[in-house]
Amino acid sequence: MMPDLLSSSLAIAAPELIMSVGAMILLMVGVFIGEKSSQTVTGLAVAVIIIAALWLTLITPLGSAFGGSFILDPFARFMKILVLIGSAAAVVMSVGFAESERFNRFEFPVLVLLSTTGMMMMVSAGDMIALYLGLELQSLAIYVLAAINRDSVRSTEAGLKYFVLGALSSGMLLYGASMVYGFTGHIEFTAISAVVAESGRSLGLVVGIVFVLAGLAFKISAVPFHMWTPDVYEGAPTPITAFLAGAPKVAAMALLTRFTVQGFEPLSGQWQQVIVFISIASMVFGAFAAIGQRNIKRLMAYSSIAHMGYALVGLAPASVEGVRGVLIYMAVYLAMTLGTFAVILAMRRRDGMVEDIDDLAGLSQTNPVMALFLTAMMLSLAGLPPLVGFIGKYFVFMAAVHAGLWPLAIIGVLASVVGLFYYLRIVKTMWFDEPAEAFVPMAIELRAVLWITGLIVFPVYIFVGGPVFDAAEAAAKTFF
């Protein structure tokens, strides 16, 4: 690679370089100072994420790098900002938990930085190799995070399950990628799209696409590759669950969108059938399976399965309107999820953390502000107007209707009605049940996250949502 070409590539990949170099430096800081460095490393990790986000937004030029393997376009920039926001919020929310639950481990923010670097690579992947490298960098760090609490059997079990099933999904993805390469002779998404448009589909190529989609569906917890989600959500320490529920889902959905729309748009009739199936299965299964859950982290696991199904409704049409719906939905989902986990992390009494829904009984009397915000989050997750969750579902459902996929939209609406039951049960527990023992005062960082996301969820988004919608529109037009 020529020096000028290398320098331009490094300029485009500068945010990832900031994240990776920052992670290495913080790792050395933690190793030499020891466990006492936890708060310092956590604060510096948030600073590194903020610097990378500002560099990405203000300085980094658009373009392709490293021979087309790495792409920074409006779509990648939009999704990377969401990833960085989710990761920064997860690290910030861990501060109070670390102090109260003896979770002072500097490895957590370092692993979050490394995983986030992988997510950013996933979003910018321009070929199959970059896709796999980003996916594995993200996944390997998360495997360790899920099992980081070595004194907990549940955490160890969660990490082991995630690792074994993740390895299986990676194998399926690699097998599919090898078949795609074998039948097209290319690994770049744009080159694959050109070959497919010229020569048409073949059975082997379709099989390869299905295997890659199966590997990516695992990362977004889509049915039938969801098996790890409830156990990992419940077993992992709550700050890690908050991280898992946000940024990785955004990155995986971005990669799935780029792979299908950019790489295989000429075969949309084939992969659309797979997307429609896993979308319906995820929406329906997630809605019904959450009904019997009493642990709020497991409930959020099944809720996330359903919400990934809703997001896939927007991907199925393979249109500008659909991709815009996916982008808006993932932004909305990230805000609702972070706000909900801010409350879950605040569910702590003097004798430790609690996770049962019954522990929220009478929260409206013991902490009315927290109850009000959690009520808004639950109703927004259910998709009730005028909250922002309704806006997210409106965009993806209307994209499906305009593409002639109105049965998919109807199933999504019916699944939302079923989901309303378990969200309303939490609201009923908070406002109408006899008060349980009050939680300890909410940490300031959790209060900040809850207020910010709460204001987004409430109709305040009407005044600030315009630029986000415009950015999503511009990002969606990247592929068309």
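Please read all numbers here as calculations on a predicted model, not as lab measurements.
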What donor-acceptor contacts under 3.5 angstrom involve side-chain atoms of residues 274-284, with partners at least two apart or in another chain?
{"from": "Ser279", "atom 1": "OG", "to": "Gly309", "atom 2": "O", "distance (Å)": "2.8"}
{"from": "Ser282", "atom 1": "OG", "to": "Val223", "atom 2": "N", "distance (Å)": "2.9"}
{"from": "Ser282", "atom 1": "OG", "to": "Ile278", "atom 2": "O", "distance (Å)": "2.6"}

Grab the two heavy atoms, one from Phe66 and one from Leu10, that are nearest each other, plus how far apart they are.
CZ-CD2, 4.2 Å

How would you list all residue pairs meeting ring-ring contact (aromatic ring centres under 6.0 Å, His included) that involve residues 113-146, not counting sequence neighbours?
Tyr143-Tyr162, Tyr143-Phe163

To the nearest 0.5 Å, tell me how far Leu255 CG sits from Thr260 OG1.
9.0 Å

So how far is it from Phe264 CZ to Phe189 CZ, rounded to the nearest 0.5 Å?
8.0 Å

Would you mind reporting whether Met120 and Leu84 have side-chain heavy atoms less than 4.5 Å apart?
yes

Excluding sequence neighbours, so at least two apart, what forms salt bridge (Lys or Arg N to Asp or Glu O under 4.0 Å) with Glu234?
Arg154, Arg298

Please assess Arg77 against Thr57 for the test side-chain contact (heavy atoms from CB on, under 4.5 Å), listing each intermediate value before the final yes or no.
CA-CA 8 Å; Arg77 177 173 282 171; Thr57 307; 5.7 Å; no

Within the structure provided, determine whether Phe106 and Leu27 are in side-chain contact (heavy-atom separation under 4.5 Å).
yes

Look only at the side chain of Thr116 and the backbone of Val112, and say whether a donor-acceptor pair between them is shorter than 3.5 Å.
yes

State the CE-CG distance between Met119 and Leu135, to the nearest 0.5 angstrom.
10.5 Å

Would you say that Val343 contacts Met377 through its side chain, given a criterion of any heavy-atom pair below 4.5 Å between the two side chains?
no

Kindly write out the residues that satisfy side-chain hydrogen bond (donor to acceptor under 3.5 Å, both in side chains) with Thr453, not counting sequence neighbours, or none if the list is empty.
none

Between Lys219 and Phe225, is the side-chain contact (heavy atoms from CB on, under 4.5 Å) condition met? List the steps.
CA-CA 8 Å; Lys219 301 303 178 183; Phe225 308 100; over 6 Å; no

Of all residues at least two apart in sequence or in a different chain, which pass the side-chain hydrogen bond (donor to acceptor under 3.5 Å, both in side chains) check with Gln39?
Glu99

State, with a plain yes or no, whether a side-chain heavy atom of Ile187 is found less than 4.5 Å away from one of Ile192.
no

Can you list everything that forms a side-chain hydrogen bond (donor to acceptor under 3.5 Å, both in side chains) with Glu157? Sequence neighbours excluded, please.
Lys161

Can you tell which of Ile344, Leu450, Leu345 makes a side chain to side chain contact (heavy atoms under 4.5 Å, CB included) with Met93?
Leu345

What are the two closest non-hydrogen atoms of Pro74 and Leu62, and how far apart are they?
CD-CD1, 4.1 Å

Main-chain N/O of Gly389 paired to Ser380 side chain as donor or acceptor, under 3.5 Å
yes

Do Gln262 and Ser193 have a side chain donor and acceptor closer than 3.5 Å?
no

Show your reasoning for whether side-chain contact (heavy atoms from CB on, under 4.5 Å) applies to Leu137 and Met121.
CA-CA 9 Å; Leu137 177 56; Met121 290 181 62; 4.1 Å; yes

Contact check, side chains of Leu408 and Phe397, non-hydrogen atoms, under 4.5 Å:
no

Can you find a pair of side-chain heavy atoms, one from Phe218 and one from Trp228, that are under 4.5 Å apart?
yes

Is there a side-chain contact between Phe259 and Leu213 (heavy atoms, below 4.5 Å)?
yes

Under 3.5 Å, is there a donor-acceptor pair between the side chain of Thr229 and the main chain of His226?
yes

Non-neighbouring partners of Thr60 that pass side-chain hydrogen bond (donor to acceptor under 3.5 Å, both in side chains), sequence neighbours left out
none

So that I know where these two stand, are Phe469 and Phe395 an aromatic pair - ring centroids less than 6.0 Å apart?
yes

Thr117 vs Leu17, test: side-chain contact (heavy atoms from CB on, under 4.5 Å). Steps then yes/no.
CA-CA 8 Å; Thr117 305; Leu17 295 175; over 6 Å; no

Can you measure from CE (Met330) to OG1 (Thr257) and round to the nearest 0.5 angstrom?
8.5 Å

What closest approach, in Å, do Leu405 and Gln272 show between heavy atoms, and which atom pair accounts for it?
CD1-NE2, 4.1 Å

Under a 3.5 Å distance rule, please check whether Thr241 uses its side chain to pair with a backbone N or O of Tyr233 as donor and acceptor.
yes

To the nearest 0.5 Å, tell me how far Leu131 CG sits from Ser124 OG.
12.0 Å

Closest non-hydrogen atom pair, Gly22 against Leu113:
C-CD1, 4.3 Å

Of all pairs that satisfy side chain to side chain donor-acceptor pair (under 3.5 Å), the ones with a partner from residues 173-188, not counting sequence neighbours:
none

Just to verify, what does Phe75 make a ring-ring contact (aromatic ring centres under 6.0 Å, His included) with, not counting sequence neighbours?
Phe479

Could you tell me which residues satisfy salt bridge (Lys or Arg N to Asp or Glu O under 4.0 Å) with Lys393, sequence neighbours excluded, listed by chain and number?
none

Residues which pass side-chain contact (heavy atoms from CB on, under 4.5 Å) with Ala158, listed by chain and number, not counting sequence neighbours
Val232

So which atom in Ile142 and which in Pro248 form the shortest heavy-atom distance, rounded to 0.1 Å?
CD1-CG, 3.8 Å

To the nearest 0.5 Å, what is the distance between CE on Met19 and CE on Met24?
11.0 Å

Do the non-hydrogen side-chain atoms of Leu26 and Pro109 ever get within less than 4.5 Å of each other?
no

Heavy-atom pair of closest approach, residues Leu56 and Lys80:
CD2-CB, 3.5 Å

Distance-only polar pair, side chains of Ser69 and Asp127, donor-acceptor under 3.5 Å
yes

Show every donor-acceptor pair shorter than 3.5 Å between a side-chain atom in residues 300-308 and any protein atom, with sequence neighbours excluded, or say none if there are none.
{"from": "Ser303", "atom 1": "OG", "to": "Tyr423", "atom 2": "OH", "distance (Å)": "2.4"}
{"from": "Ser304", "atom 1": "OG", "to": "Lys249", "atom 2": "NZ", "distance (Å)": "3.3"}
{"from": "Ser304", "atom 1": "OG", "to": "Ala301", "atom 2": "O", "distance (Å)": "2.6"}
{"from": "His307", "atom 1": "ND1", "to": "Tyr329", "atom 2": "OH", "distance (Å)": "2.6"}
{"from": "His307", "atom 1": "NE2", "to": "Leu381", "atom 2": "O", "distance (Å)": "3.4"}
{"from": "His307", "atom 1": "NE2", "to": "Tyr423", "atom 2": "OH", "distance (Å)": "3.2"}

Assess whether a salt bridge exists between Asp231 and Lys297, defined as any Lys/Arg side-chain N lying under 4.0 Å from an Asp/Glu carboxylate O.
no

